[in-house]
There are 4 protein chains.
Amino acid sequence: MPRYSEEEREQVRSETRQRLLKAAAVEFARHGYSKANIDDISKTAGFAKGTVYNYFPSKRELMLVLIEEMAQVHLEIIAEHVYQEQAAERRLEKFFEAGFSYVSAYLTQGMVMINNLYGPHIEFKQAMYTAYQPMFELVSRDIIGLGIKQGIFRKIEPVSTAGLVMNIYLGIASQVNEDGKLWIEYGPVSDFVSHALHK
Amino acid sequence: MPRYSEEEREQVRSETRQRLLKAAAVEFARHGYSKANIDDISKTAGFAKGTVYNYFPSKRELMLVLIEEMAQVHLEIIAEHVYQEQAAERRLEKFFEAGFSYVSAYLTQGMVMINNLYGPHIEFKQAMYTAYQPMFELVSRDIIGLGIKQGIFRKIEPVSTAGLVMNIYLGIASQVNEDGKLWIEYGPVSDFVSHALHK
Amino acid sequence: MPRYSEEEREQVRSETRQRLLKAAAVEFARHGYSKANIDDISKTAGFAKGTVYNYFPSKRELMLVLIEEMAQVHLEIIAEHVYQEQAAERRLEKFFEAGFSYVSAYLTQGMVMINNLYGPHIEFKQAMYTAYQPMFELVSRDIIGLGIKQGIFRKIEPVSTAGLVMNIYLGIASQVNEDGKLWIEYGPVSDFVSHALHK
Amino acid sequence: MPRYSEEEREQVRSETRQRLLKAAAVEFARHGYSKANIDDISKTAGFAKGTVYNYFPSKRELMLVLIEEMAQVHLEIIAEHVYQEQAAERRLEKFFEAGFSYVSAYLTQGMVMINNLYGPHIEFKQAMYTAYQPMFELVSRDIIGLGIKQGIFRKIEPVSTAGLVMNIYLGIASQVNEDGKLWIEYGPVSDFVSHALHK
DNA sequence: TATGAATGAGAGTTCATTCAT
DNA sequence: AATGAATGAACTCTCATTCAT
């Protein structure tokens with residue numbers, strides 16, 4: 001008969017799992033998927049090698065899960081800020097503000113995100129597109145589309161323009177340094193895009 | 001000592017070298033640096049494994065040389081088109097036109113470029129920045145700076161704005177599919193940026 | 001101290017033990033000793049991994065115990081049928097009849113038996129020889145020796161001939177399919193051996 | 001330009017290949033397929049681990065190739081002796097004589113053969129059946145069938161009887177000790193079978 | 001007694017690099 | 001200059017076993 005309660009076990013498992021995912025993010029960010037190794041990931045998490053495989057069936061799956069969880073957190077943070085505003089222009093600004101703040105705060109996750117997005121591993125790229133679809137839609141519908149409806153943005157194609165905006169965001173986000181600093185502030189970027197969109 | 005034979009030898013060496021670099025680009029593009037392997041590279045080039053090491057001391061060095069040669073070709077193509085124009089706005093358009101055309105024509109090189117730029121391998125990223133410095137300056141000085149001088153662009157900071165423009169170009173270039181198609185034409189992109197820069 | 005509870009406890013232990021042995025037989029039969037794993041064995045038995053080690057000190061010991069228990073059941077079944085007859089020839093027939101019926105009914109045990117007998121694991125092979133010694137003696141003394149004494153079998157060496165008979169039985173038994181079917185009935189085999197032994 | 005001649009290379013490759021197959025047989029015989037490891041196989045052959053993979057794509061394939069090559073040698077040896085005789089009875093004797101001599105001379109191969117035939121690895125068992133089909137046919141057609149035609153054997157079913165004879169051979173062959181000794185000579189076995197088949 | 005999380009030795013496989021020819 | 005056989009470190013994944021509860 002098990003002495004641990006079901007809850008206790010669940011609690012422990014969940015914590016271990018999170019530590020492993022965090023460690024995986026760190027190692028993937030540091031060395032890239034291919035060069036990152038399970039031994040280091042587990043050691044970074046404070047476990048032995050085998051433990052990883054009690055939680056994830058493979059290195060590949062570890063990455064796929066990581067992608068999903070990262071995208072979710074990322075979206076939450078951005079959505080939370082963007083939806084505070086009603087005006088499209090303000091939303092655009094909030095998008096860059098929250099986005100830049102995310103990559104500064106979640107350095108490792110940000111790097112993994114970028115590596116997957118622009119890297120050679122097609123499966124991961126695909127997973128990224130799927131996982132980031134909601135954020136893409138947020139930009140497309142609730143910022144650009146909204147701005148057009150509100151009569152402040154030019155009558156541009158919202159979807160491809162959202163692609164451009166996401167590109168700008170991600171391109172800049174990819175150049176964060178190890179202190180979480182970016183080479184440009186969100187203000188000028190937001191400005192640049194704003195100018196591009198305004199009537 | 002026969003001089004002609006000397007030249008011939010040089011000629012053959014140079015061709016072999018180019019074939020190896022081309023093959024390396026193909027394999028790096030297909031599998032990424034880490035997963036690409038020397039055996040496949042040499043076989044793609046039509047040589048045996050050992051031959052690679054008669055031309056390049058290591059896989060790493062092969063990539064570094066490739067980066068330099070790619071950047072040079074890339075710059076030449078873009079410069080050739082951009083400098084045909086005198087008006088900054090036209091130059092901007094030419095930049096995107098020639099740039100998009102480059103990634104379509106040089107699919108593999110383009111992918112390697114992107115992988116290095118956004119990938120986890122710091123040394124290669126560094127090498128990319130160095131190799132692409134001239135192109136960056138072209139954009140910064142001979143397009144944006146020029147546009148300001150010509151009084152058509154807003155009085156923005158040319159360097160960071162050049163960063164944004166390069167970001168946009170590279171971000172879009174990274175999404176070329178295997179047929180060399182991009183999800184957006186150069187026209188709308190040029191337009192977008194134009195709007196962002198104009199007074 | 002409650003005596004009944006003691007017995008109950010013993011009862012439960014014994015049942016758990018049997019379930020584990022049965023599950024071990026299934027897994028050993030399916031994957032062979034080396035590839036069978038404790039986790040699957042315990043799960044097949046309906047327990048957690050650790051439970052196995054409350055009953056058997058190691059995987060190896062689990063097999064050794066299994067061998068002994070299998071051999072005992074096997075012998076009992078065969079002896080029960082063989083000793084119903086008094087004539088050596090009839091006993092020979094019964095031996096094959098009961099033997100073939102055993103391997104059909106106890107598919108997994110039969111496979112484990114064969115795997116150990118012909119497999120590379122010397123310790124298990126040894127254990128098999130020891131465990132099957134009584135059956136060997138049954139054939140040697142109470143069938144072949146008896147037949148010679150009864151004057152129906154040729155004056156052959158009983159021990160090595162018993163070896164041949166056992167070989168034939170086990171060789172055929174090894175080719176049972178997953179439905180418990182053998183490629184030959186006991187009749188023709190008994191016949192074949194009968195012919196070989198008769199004057 | 002390669003300095004080794006094509007022939008020289010082929011020669012070296014062939015020798016290395018044979019050494020690896022021999023070593024594999026030794027290790028598979030000693031520890032069984034699952035427990036035998038590539039490192040030991042290569043070391044036994046006098047090479048480093050990686051060399052195995054220059055010749056065989058996987059451990060599994062190594063075994064499959066080994067099975068085929070073993071079966072071929074085995075068949076050649078037996079056929080050579082059997083076909084020296086014209087009388088079925090003498091052929092039967094030769095079959096056992098040559099067969100017993102094979103397992104004594106090719107100890108390790110014999111063990112691998114037996115392990116695969118009676119072991120848990122279905123793919124290898126299948127491969128054995130396929131590879132030994134010609135030998136089975138030799139027994140069925142050119143010994144038993146022939147004996148019936150020659151009027152010395154009873155009118156039995158040749159195929160299933162060949163199965164019995166092969167069983168007897170393999171069963172005994174499986175009990176060779178490490179000095180190549182069997183517990184019974186070919187004479188008594190041949191006699192036993194002869195008796196069983198004769199009118 | 002039963003549990004399952006954690007361990008780490010050990011296995012198969014890959015591949016950059018070396019080198020004799 | 002070109003070859004490809006050989007190497008062995010490094011990697012992913014497996015699993016018998018331990019142990020705190």
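Everything numeric here is computed off the predicted structure, so don't read it as measured data. Residue numbers start from 1 in every chain, and the chains themselves are labelled A, B, ... in the order their sequence lines are given, proteins ahead of strands.
- Checking C:Lys35 against A:Asp39, the closest nucleotide of DNA chain F that is more toward the 5' end is the one next to A:Asp39.
- Nucleic acid contact class of D:Lys59 (heavy atoms, under 4.0 Å, all strands): sugar-phosphate only.
- Put simply, B:Tyr53 has a side-chain N or O that comes within less than 4.0 Å of OP1 or OP2 on E:dT17.
- Across all strands shown, B:Ala36 has heavy atoms under 4.0 Å from sugar-phosphate atoms exclusively, and none from any base.
- Here A:Arg13 reaches the OP1 or OP2 of E:dA5: one of its side-chain N or O atoms lies under 4.0 Å away.
- With both pairing distances under 3.5 Å, F:dT12 is matched to E:dA11 as a Watson-Crick or G-U wobble pair.
- In plain terms, the two heavy atoms of A:Tyr55 and A:Arg13 that are nearest each other are CE2-O, 3.4 Å.
- DNA chain E is contacted by both B:Ser34 and A:Ala48; A:Ala48 maps to the nucleotide lying nearer its 5′ end (nearest heavy atom per residue).
- When each of F:dA6, F:dT17, F:dC15 is scored by its nearest atom to the side-chain atoms of C:Asn37, the top-ranked nucleotide is F:dC15.
- Across every non-hydrogen atom of C:Pro120 and D:Asn115, the tightest pair is CB-OD1, 3.6 Å.
- Note on D:Tyr55: a side-chain N or O is less than 4.0 Å away from OP1 or OP2 of F:dA6.
- Distance from the side chain of C:Phe47 is smallest to E:dT3 among E:dA6, E:dT3, F:dT12.
- In this pair, B:Tyr33 and B:His121 present their aromatic rings perpendicular. The plane angle is above 60°, beyond the 30 to 60° band.
- OP1 or OP2 of F:dA5 has not a single side-chain nitrogen or oxygen of D:Asn54 nearer than 4.0 Å.
- With hydrogens and angles ignored, a donor-acceptor pair closer than 3.5 Å exists between the side chain of D:Lys49 and the base of E:dT13.
- Here E:dA6 presents its P atom at 16 Å from NZ of A:Lys43, a figure rounded to the nearest Å.
- With a cut-off of 3.5 Å on both Watson-Crick or G-U wobble distances, the partner of F:dA20 is given as E:dT3.
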